[in-house]
Each structure stands twice: as C-alpha cells, then as structure tokens.
There are 2 protein chains.
Amino acid sequence: MARQNPGSKKRVTSYDVARVAGVSQSAVSRAFRPGLSVSDKTRTKVMKAAKKLGYKPNAIARMLITQRSGMVAVIISSISNLVYPELLSRVTDQLSARGVRVLLFTLDHSDQLEELLEQVWTFQVDGVIALTAHFDHRDIAQFEEHNIPVVLYNRQVPDHPVNTVCVDHSQGIRQLIDLLVENGNKRFIVLSGPPDSDVANERRRIALEHLAEHGFADVPVLYGDFSYQSGKDCFAEWMQDHGAPDAVVCSNDTMAIGCIDQARGTHGIDVPEQMSVVGFDGMYAAFWTGYELTTVRQPVNQMAKAAVDILMERIENPDAPPEKRVLAGTLIRGKSARA
Amino acid sequence: MARQNPGSKKRVTSYDVARVAGVSQSAVSRAFRPGLSVSDKTRTKVMKAAKKLGYKPNAIARMLITQRSGMVAVIISSISNLVYPELLSRVTDQLSARGVRVLLFTLDHSDQLEELLEQVWTFQVDGVIALTAHFDHRDIAQFEEHNIPVVLYNRQVPDHPVNTVCVDHSQGIRQLIDLLVENGNKRFIVLSGPPDSDVANERRRIALEHLAEHGFADVPVLYGDFSYQSGKDCFAEWMQDHGAPDAVVCSNDTMAIGCIDQARGTHGIDVPEQMSVVGFDGMYAAFWTGYELTTVRQPVNQMAKAAVDILMERIENPDAPPEKRVLAGTLIRGKSARA
DNA sequence: GTGAAAGCGCTAACAG
DNA sequence: CTGTTAGCGCTTTCAC
C-alpha cells in the first residue's frame with residue numbers, strides 16, 4: 001500500500017461517517033444516493049459528519065456491487081486528422097453531461113487492437129465508442145459475447161449489423177463532384193487516404209463512382225495517409241509525369257491543404273483559378289482565410305450526440321437492435337474550387 | 001442489473017475457473033498475475049479453463065483490494081489550441097506504455113473545476129495530469145489532503161511548490177525577440193492570450209520584459225483568446241487606428257496564423273517583407289508551407305514523457321518532494337519573420 | 001425510515 | 001507451491 005505513507009491517516013469510509021454521525025453504515029449509503037428514503041434529520045447528521053471527516057464515496061466499490069462502471073471507452077487513433085480532436089472533445093462533453101466518464105485509448109497500429117480490447121473487457125466499461133478503428137465481424141462478435149455495446153463512427157462492418165453513426169458520404173461527395181463538373185472541370189485526379197482505412201476507401205469509391213456517372217471513367221488515384229505531408233507528396237508525384245489536372249478530389253481536408261500548398265508553392269499553380277481542390281470534413285483549419293476550402297463539413301456536434309445517444313440507449317436496454325444513423329454534411333462553397 | 005438480460009449467462013468469475021480447473025480460487029488469481037509462484041501445471045490448467053469459459057479478470061475488484069486504480073486523470077480544456085491534441089496523444093501513449101489508463105476530463109469553464117475534482121476523488125485515480133487548467137494553492141492543498149499526486153503542464157502555483165513540467169518560456173521568447181530586434185524591427189505589438197490564462201500571462205510578461213530590455217517600452221498589447229479568429233480580430237482592431245507595426249509577437253501559433261491571414265488577406269501586408277509575425281508552440285500547422293511560422297517549438301514528446309515520469313515517481317513514492325522540470329524549446333527560423 | 005447482514009470479484013497474508 | 005481465510009467499501013434485500 002504505497003500510498004499509506006506514515007503520517008497519512010487511513011482513508012475514511014462510510015463506516016467512519018456512520019460512527020461519527022451515530023447512524024448505521026447503510027444510512028450513510030442511502031444519504032449519498034439521491035431519491036432514497038432517508039429522513040432529513042438523518043441526512044443532515046450524515047452530511048455533517050461526512051464533511052467533518054472529508055468523506056467521499058468510493059466509486060470503485062460502488063462499481064463492483066452495481067456491476068456498472070459509469071465509464072465508457074473511447075478509442076481514437078490518428079490525431080493528424082484534425083477533425084478528430086474536435087470530435088473527441090464533443091463526445092467527451094456529451095458523455096460528461098450524462099455523468100459518464102471517458103476512458104481514453106489510443107490505437108496507433110491495428111495489431112494492438114487485441115490487447116486494447118483485453119483492457120476494455122477487464123475494465124468493465126459500460127460501452128465503447130470507436131472513433132477511428134477498423135473492426136471486423138470477429139471483433140464485433142466479441143463485443144456481443146461480453147454483452148457490451150459499441151458504436152462505430154463513420155464505419156461499418158460487412159455482413160454484420162452494428163451500431164454506427166455516419167456522415168452521409170455519398171450525398172456530400174456527390175455535391176462536391178457535381179459542383180466541380182458544373183464548373184467545367186474535365187481532368188480529375190483523386191488523392192485518397194490509405195487503403196487500410198475504411199473511411200478512405202469509402203470516400204474514394206464514392207468519388208470514382210460519381211465521376212463515372214458523369215462520364216469520367218478511369219480517374220487516376222494517388223494514395224496518401226490523410227496527412228498534410230502526404231497531400232503535398234501525392235500532388236508532387238503526379239506533377240512529375242503529368243500536367244496539372246483541372247480538379248483534385250481529396251479524401252480529407254488535411255490532404256487538400258497539403259495539395260494546395262504544394263500546387264501554389266512549388267508548381268506556381270493558382271488555386272482555384274487554374275485548378276480546383278476539394279476536401280472533406282470541414283475541420284477548423286479548412287476555414288482559415290489562407291485556404292477557405294470547398295469541402296463538406298461533418299456535423300460533428302450532432303454526430304457526437306447521436307453516437308452517445310445510441311450508446312446510452314444500448315446500455316440501458318441491451319436488447320435494442322443495432323442502429324445505423326446517417327447525418328447529412330453541409331456543403332461549404334469555399335474558395336478552393338472555381339465557382 | 002440492466003445488463004443481466006434474459007438469455008445472457010452470468011458473468012464468469014475466478015471461482016468458476018477454479019471449479020473447472022479443479023484448483024482453488026486463489027490459484028486462479030495467482031496464475032493471472034505475472035511473477036507469482038505457480039507451478040506450470042497449475043497455470044496451464046487454469047489458462048485452459050479460463051479460455052474455455054471466456055474468463056477475464058475483473059479490474060474493478062482488483063482496484064478495490066489493491067487500493068490502486070491503475071488510472072490517471074488527464075484534464076484538458078481548450079482544443080482550439082492545436083498543440084494540445086498532440087500533447088494529449090503523447091501523454092496517453094506514455095501512460096499506456098506503463099500500463100496506466102487515462103480517464104479524460106474536459107474543462108470548459110473554470111467554475112466546473114470543483115465538480116471535476118469531486119469526480120477525481122471518488123474515482124480513486126492514482127494521479128492527475130493537468131494539461132490546461134488553472135489551479136490555485138487551495139486546489140493543490142486538496143490534492144495533498146487526498147494524497148494524490150498531480151503534475152501541471154506549463155503552469156505554476158504562486159507560493160506553493162508543485163510538480164510541474166514547463167517549456168522554458170523565457171529562453172524561447174528571448175530568442176524570438178532577439179531575432180526580431182536584430183533584424184531592425186522597431187515598432188512592436190503583442191497579441192496576447194486571455195488574461196485569465198496563466199500561460200498567456202507568462203508569455204506576455206516575458207515578451208514585454210525582454211522588449212523593454214532592448215529599449216522598447218510601453219509596447220501595445222491586444223488581448224485575444226488563443227484562437228485563430230481572435231488573432232484576426234486583434235490585428236484588425238489594431239489596424240483601425242494605427243498603421244502596420246514592424247513586428248507582431250503572438251502568444252501562440254494559432255493567433256499568429258490568424259494575424260498573418262488578416263494582414264495578408266485584408267490589409268494587403270506582405271509578411272514577412274513588410275511585417276514580421278512570431279508565434280509560440282510549434283504545432284503541426286505552423287510548419288505548413290502557407291505559413292512556415294517563425295516560432296518556438298515545445299518539445300512535446302519530452303515534455304509528455306517528463307510529466308508522466310514525474311507522476312509515476314510520485315505514485316510509487318508519495319514522499320518525493322515536488323519537482324519542477326524545465327525544458328528548452330527549439331527556435332524555428334521560419335518565414336514569417338524577416339531574416 | 002432504519003439497521004443487520006450478505007455479498008460484488010478479487011488479492012494477500014497465513015498455514016500447510 | 002497450494003488452499004483457506006479475511007477482507008477492500010459499498011449497495012441492497014430484508015426484517016423491524
């Protein structure tokens with residue numbers, strides 16, 4: 001008991017309070033839980049004794065007996081995509097507002113998922129929100145075995161119903177591409193996030209499909225990793241062997257900004273006059289005057305709220321069936337695409 | 001017990017495993033703790049039974065008896081300052097690497113600190129890292145009463161020794177200002193973070209002091225809130241009644257970027273040719289080609305590691321005296337200040 | 001409305 | 001090395 005150093009008094013329990021207040025231990029317990037039958041007199045005595053002793057209920061003991069930890073695990077990986085810090089913040093706020101604490105897990109490599117889940121099981125969290133992580137149906141099956149609800153963000157699991165909240169990628173990307181096509185762009189390239197990212201794959205697939213519907217087939221794709229530098233690198237790579245395209249469709253805002261900086265800085269291309277660039281996410285920096293991206297803003301607040309709503313519902317009622325909630329993004333007509 | 005829905009089997013405990021393995025319950029407990037004396041034979045039997053039953057040790061029960069939660073609370077407020085997500089990520093990694101979980105708390109208004117601390121006490125966290133929060137000596141005293149170690153980031157508490165890890169603001173800002181003075185800048189303004197921020201106040205004070213040492217007294221100060229928009233607004237406000245200064249000293253990178261965008265975009269000022277702007281932090285976006293800030297980079301990795309080192313040391317040995325660790329930042333000679 | 005008593009699932013002496 | 005035995009601090013029937 002490393003914390004029990006000399007001069008420090010033993011931690012005060014409900015028994016200590018009971019003794020001082022001259023009531024039973026269970027009276028103390030009741031006094032600290034709202035809505036339980038205790039007389040005002042008793043409650044007053046208890047509170048006075050508690051304050052005097054500096055008593056705080058021990059949440060760990062409560063968890064053990066109630067089988068509820070009051071904690072939710074939030075899994076997040078890349079912070080280089082700047083929309084995720086914002087999202088994490090909103091999710092945390094939503095959970096706090098409901099009296100639930102956040103146990104934060106970062107996941108850098110997907111091969112650490114197994115041990116991360118191991119932690120999740122032992123910590124008896126009431127639920128899990130996966131902001132950025134690839135889950136296959138086996139992972140989801142584990143959650144079902146453990147009877148612990150999980151909500152995915154912008155992700156789905158093939159052949160397996162699962163709670164998920166998604167921005168409407170299809171609607172958002174269609175709007176971006178319609179805009180680009182309307183304005184006469186003809187030569188497109190796509191800067192995609194990495195092939196091992198579900199989000200990147202979906203956004204790329206949708207972009208290519210919609211371009212094809214407009215008659216633009218075989219649009220070239222370059223792969224980055226969602227980072228600013230990869231946006232620069234991809235565009236630089238393209239320019240080695242080709243001329244500037246009319247328009248660049250990027251998987252996220254960070255890559256779009258990298259692409260713009262590369263085009264303007266190194267290749268002397270005027271964005272948007274000579275080339276249009278569109279992103280996705282609507283993160284803070286997308287609105288900076290230097291960029292003013294044409295992009296689709298994810299409704300981060302509503303999505304965070306939806307994710308927490310779905311999760312809390314499943315915690316209260318474990319038999320509720322999996323639910324998918326899709327929210328529309330907002331087209332931002334910025335200045336990175338010719339109008 | 002909402003989770004105990006019909007068809008779901010009762011949760012499996014070490015007793016169940018013991019029964020199936022044909023050993024005592026304490027043997028199961030030992031088998032799951034590394035470095036405890038168990039024969040290979042027993043361990044094998046236990047593990048086999050555990051796997052068969054899907055047993056996972058219950059961390060809550062362990063916490064209750066060991067008086068150690070294995071959790072550290074991390075308090076963070078503003079995510080608009082983009083260096084904090086990076087820091088949070090590094091701190092979380094450092095803690096995970098030591099087998100400690102992160103209980104995340106966001107603090108939007110300082111008047112919520114009281115109830116936040118209430119949570120901290122009841123959750124029996126082993127320690128606290130405050131990335132962004134103002135603590136006065138009374139708050140620190142509470143930590144001492146509860147015997148729970150705390151480490152502050154870039155903050156100190158007047159008249160009260162406390163564990164803290166700080167970037168060397170004085171050294172960093174001195175370098176920035178020396179650079180500006182050497183290059184002939186004479187008319188300065190300071191864009192400060194909000195007066196209720198310890199970090200803003202320290203950075204402003206140091207900047208003004210060093211400017212005064214160079215003979216520049218009474219340098220005008222405008223107050224923002226560390227955000228991009230406030231950088232823009234402050235500079236716009238200045239330009240209403242004054243001409244462009246030679247140099248703008250900003251409290252952080254985000255404001256510096258806002259200031260640059262405002263100067264270039266609205267006022268047609270060439271940065272750095274006509275005006276120099278310096279920031280502080282060295283966040284990712286500061287390195288983007290569109291800005292390439294002249295700034296001081298906080299050694300985020302080392303600082304995260306230092307904070308965790310100090311905290312873990314205090315958790316192991318509660319009698320260790322408070323420690324202040326100051327790390328030098330790195331001057332980044334970017335392109336936002338004339339060379 | 002109140003108190004007594006029985007655990008929640010595990011760890012940590014202590015004997016054997 | 002193994003099993004027995006007390007609890008950790010609290011919630012929750014159940015009588016009174």
Side-chain angles (χ1 to χ4, degrees), chain A residues 1-4 9-47 49-50 53-70 121-126 146, chain B residues 1-4 9-46 49-50 53-71 121-126 146:
Chain A
M1 235 164 288
R3 191 180 292 163
Q4 220 63 322
K9 50 209 172 306
K10 207 163 155 27
R11 64 172 64 185
V12 4
T13 76
S14 53
Y15 277 98
D16 302 322
V17 177
R19 193 165 5 85
V20 171
V23 298
S24 76
Q25 180 273 334
S26 48
V28 177
S29 173
R30 283 196 274 267
F32 270 89
R33 320 200 47 54
L36 284 191
S37 50
V38 208
S39 70
D40 279 353
K41 208 179 84 189
T42 306
R43 167 166 274 129
T44 314
K45 278 196 296 188
V46 168
M47 289 309 176
L53 297 176
Y55 168 76
K56 316 281 178 194
N58 183 326
I60 304 292
R62 184 193 329 241
M63 292 178 200
L64 186 59
I65 187 121
T66 59
Q67 313 276 49
R68 280 275 203 116
S69 67
W121 313 141
T122 66
F123 270 81
Q124 316 288 117
V125 296
D126 296 334
H146 288 268
Chain B
M1 236 164 287
R3 191 180 290 163
Q4 220 63 320
K9 52 211 172 303
K10 204 162 154 35
R11 62 172 64 185
V12 4
T13 75
S14 54
Y15 277 98
D16 302 322
V17 177
R19 193 164 7 83
V20 170
V23 298
S24 77
Q25 180 274 334
S26 52
V28 177
S29 174
R30 283 196 276 266
F32 270 89
R33 320 191 46 50
L36 282 193
S37 50
V38 208
S39 69
D40 279 353
K41 207 179 84 189
T42 305
R43 168 167 273 130
T44 313
K45 280 195 294 187
V46 168
L53 297 176
Y55 168 76
K56 315 283 177 191
N58 183 325
I60 304 292
R62 173 167 20 219
M63 292 178 201
L64 187 58
I65 186 122
T66 59
Q67 312 277 51
R68 280 277 203 113
S69 67
M71 301 191 297
W121 311 143
T122 66
F123 270 80
Q124 315 288 118
V125 297
D126 296 334
H146 287 267

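All values below come from the heavy atoms of this structure, side chains included, with hydrogens, waters and symmetry mates left out. What you are looking at is a predicted structure, and each value in this text was computed from that prediction instead of being measured.
Position along DNA chain C of the nearest nucleotide to A:S39 versus B:R30 favours A:S39 as the more 5'-ward residue. In terms of position on DNA chain D, the residue among B:Q25 and B:K41 whose nearest nucleotide sits closer to the 5' end is B:K41.
With rounding to the nearest 0.5 angstrom, the CG atom of B:L53 is 15.0 Å from the CZ atom of B:R11. Between B:R30 atom CZ and B:T42 atom OG1 the span is 9.5 Å, to the nearest 0.5 Å. Atom-to-atom distance recorded for B:S39:OG and B:K45:NZ is 7.5 Å, nearest 0.5 angstrom. Atom OG1 of A:T66 sits about 9.0 Å away from atom CD1 of B:I60, to the nearest 0.5 Å. From A:N58, atom CG reaches atom CZ of B:F123 across 10.0 Å, with rounding to the nearest 0.5 Å. In this structure, A:Q124 CD and A:H146 NE2 are separated by 10.0 Å, a value rounded to the nearest 0.5 Å.
Residue contacts for A:S26: at a heavy-atom cut-off of 4.0 Å it reaches a base atom on one of the strands shown. Looking at heavy-atom distances under 4.0 Å, A:F32 makes no contact with the nucleic acid at all. Counting non-hydrogen atoms under 4.0 angstrom, B:V23 reaches the backbone sugars and phosphates but no base.
The terminal axes of the helix from C:dG1-D:dC16 to C:dG16-D:dC1, fitted over 5 pairs per end, subtend an angle of 30° to the nearest 10°.
Using modelled atom types, one side-chain atom of B:R43 and one backbone atom of B:A31 make a donor-acceptor pair closer than 3.5 Å.
Every residue two or more places apart in sequence or in another chain that forms a ring pair (Phe, Tyr, Trp, His ring centres under 6.0 Å) with B:Y55 is listed here: B:F32. Taking A:R33 as the reference, nothing meets the salt bridge (charged side-chain N to carboxylate O under 4.0 Å, His left out) condition, with sequence neighbours excluded. Residues meeting the side-chain hydrogen bond (donor to acceptor under 3.5 Å, both in side chains) test with B:S29, sequence neighbours left out: none.
Read 5' to 3', the first and last nucleotides of DNA chain D with an atom closer than 4.0 Å to a heavy atom of chain B are D:dC1 to D:dG9. Chain B approaches DNA chain C over the interval C:dG9 to C:dA13, counting the first and last nucleotide 5' to 3' with an atom under 4.0 Å from its heavy atoms.
Looking at heavy atoms from C-beta onward, B:M71 lies out of side-chain contact with B:D126 at the 4.5 angstrom threshold.
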